[in-house]
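Below you'll find the structure, written out as structure tokens, and then a few comments.
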Amino acid sequence: MIEKLFKKDIHRNIEGVVKADNLTDDAVFKEVDEYVITNDLNKKLDEFFGEYSPSIGKNTQNIGVWISGHFGSGKSHLLKILSYILTNERKHSDLIGELFLTKIDADDFELKSNIQKALNTPSETILFNIDQKSDIGSKKQDDAILGVFMKVFNEMRGYYPKFGYIAKFESDLDKRGKLNDFKAKFKELSGTSWESGRETILLDGENLAKALSMVDNISEKSATDLIDKYEDNYSLSIEEFAKDVKDYIDTKEDNFRLVFFVDEVGQYIGDNTKLMLNLQTIIETLATVCGGQAWVIVTSQSAVDLLVNANSQMQNDFSKIMGRFKIKLNLTS
């Protein structure tokens, strides 16, 4: 029978659309195992790793990557594959990055060497669809993109992603080495885990204050006042976000990299110049503060130059955005 001529089961399920949030072990392994590197994709990988890997261990300002292509061109798939490679986790007893490396032609020495260098670099990735992670109505705010970046960064660290002031409270406790003690005290008092309790924290403020007072050895009144200050004084800024990212990177090994993979950022921004400038400033500040150890890789249906050249007003507003995305990968259907 014809089906016996094929290496793999022809009746297996193949996802028609790649989803950024489908990160199960089976999905990740299958996507990498079945990924086909065409001649065009090979050139794009060469472009990416030719810039990404040689800059490892160096202070670079070129941390932005723009992957463009119309629906069906495979931009979201490439975004996911790159996130898997750089993380290089073990799935089904295979290192995902090493599995991918076998797909590169043996005589393509430079590309294989650059990929191997990336695999040897300690890295963590945050992959997300920006529209899915965005709060309803937040797109109207000038700093909406920053809000999503902070949200997914908090989530990755195990902090509460829904309310920034609670994440800040957790982060400060963590820096002082008291977060685990606080969680244990809260569970002891409330009978529920902190991760569950913080979802309805307004209904359990008493146990929150008691737990904090016990951990910090202060009065419940002082603990309550301190929590109120977190809520009243919390504000979000790009500078503070970049500093938090730098602090996180400093806890890791030398040359560690944190990479944000943002799907469908072009669709999210649309023709809103303020959102584009918000993204630009995030990348500029991360580059300056983190010295090349934090990267941002995005996808869009429009190439960045087409988005910028849409009209003269946008050309003026986006005069510096081109420089923020030195690596531009335009995929064809």
Side-chain angles (χ1 to χ4, degrees), residues 8 12-38 40-53 55-56 63-69 72-105 108 111-130 132-133 149 152-153 155-157 248-249 252-253 255-265 293-300 327 329 331:
K8 298 177 181 176
R12 68 193 184 282
N13 179 57
I14 298 176
E15 292 287 345
V17 177
V18 175
K19 304 179 185 69
D21 58 347
N22 186 4
L23 299 173
T24 63
D25 276 13
D26 282 343
V28 171
F29 182 84
K30 186 181 293 184
E31 283 178 31
V32 176
D33 187 41
E34 302 207 357
Y35 196 65
V36 177
I37 301 177
T38 63
D40 186 53
L41 269 175
N42 198 85
K43 293 176 183 176
K44 303 300 188 237
L45 290 169
D46 209 23
E47 287 179 49
F48 172 73
F49 283 104
E51 290 284 347
Y52 182 87
S53 297
S55 67
I56 291 172
I63 66 164
V65 183
W66 189 283
I67 303 174
S68 60
S73 62
K75 59 186 183 300
S76 294
H77 203 175
L78 176 59
L79 187 79
K80 288 192 74 175
I81 292 296
L82 289 175
S83 75
Y84 301 154
I85 297 171
L86 299 186
T87 306
N88 201 21
E89 293 180 343
R90 191 175 292 279
K91 309 287 183 184
H92 290 210
S93 298
D94 287 325
L95 281 169
I96 289 299
E98 302 292 345
L99 174 64
F100 182 84
L101 196 58
T102 63
K103 297 176 176 291
I104 306 298
D105 289 342
D108 199 342
L111 178 55
K112 288 181 79 76
S113 175
N114 281 332
I115 293 177
Q116 189 63 63
K117 185 174 182 179
L119 297 184
N120 294 338
T121 301
S123 306
E124 290 179 15
T125 63
I126 305 176
L127 172 68
F128 60 100
N129 181 301
I130 192 166
Q132 287 179 352
K133 289 293 184 179
F149 269 74
V152 297
F153 181 51
E155 190 172 33
M156 184 271 286
R157 293 183 293 169
Y248 180 77
I249 289 172
K252 303 295 182 177
E253 309 97 311
N255 298 329
F256 172 86
R257 276 190 172 172
L258 178 65
V259 188
F260 293 87
F261 287 88
V262 195
D263 200 19
E264 296 295 357
V265 78
Q293 288 185 269
W295 281 58
V296 178
I297 304 176
V298 308
T299 69
S300 170
I327 307 173
L329 310 177
L331 305 185

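Quick caveat, the model's predicted, so the values are computed rather than measured. Atoms considered below: every heavy atom in the structure, side chains included; atoms not considered: hydrogens, waters and symmetry mates. Just so you know, residue 1 is the first one in the sequence shown, and it goes up from there.
Under the side chain to side chain contact (heavy atoms under 4.5 Å, CB included) criterion, Asp108 pairs with Asn42, Ile104, Asp105, Leu111, sequence neighbours left out. Applying the side chain to side chain contact (heavy atoms under 4.5 Å, CB included) test to Gln116 and every residue at least two apart in sequence or in another chain returns Glu98, Leu101, Leu119, Asn120. In this view, Thr125 and Ser83, Leu86, Thr87, Val259, Phe261 satisfy the side chain to side chain contact (heavy atoms under 4.5 Å, CB included) rule, not counting sequence neighbours. For Tyr35, the ring-ring contact (aromatic ring centres under 6.0 Å, His included) test picks out His77, with sequence neighbours left out. Every residue meeting the ring-ring contact (aromatic ring centres under 6.0 Å, His included) condition with Tyr52, not counting sequence neighbours, appears here in chain and number order: Phe48, Trp295. The side-chain hydrogen bond (donor to acceptor under 3.5 Å, both in side chains) search around Asp46 returns none, not counting sequence neighbours.
Here the side chains of Phe128 and Val262 are in contact, with some heavy-atom distance below 4.5 Å. Counting only heavy atoms from C-beta outward, the side chains of Leu78 and Ile67 approach each other to under 4.5 Å. Under the 4.5 Å side-chain criterion, counting only non-hydrogen atoms from C-beta, Ile96 is not in contact with Ile85. Side chains of Leu329 and Trp66 form no contact here, defined as non-hydrogen atoms less than 4.5 Å apart. The closest side-chain heavy-atom distance from Val65 to Val298 is not below 4.5 Å. Put simply, the side chain of Met156 reaches to within 4.5 Å of the side chain of Leu258, judged on heavy atoms. Looking at heavy atoms from C-beta onward, Glu264 lies in side-chain contact with Ser76 at the 4.5 angstrom threshold.
Ring geometry for Phe149 versus Phe260: interplanar angle of 30 to 60°, hence tilted.
Heavy atoms only, all atoms of each residue included: Val265 and Ile130 are closest at CA-CG2, 4.0 Å. Closest heavy-atom contact between Glu124 and Tyr248: OE1-OH, 2.5 Å.
In this structure, CD1 on Ile56 lies 8.5 Å from CG on Asn114, to the nearest 0.5 angstrom.
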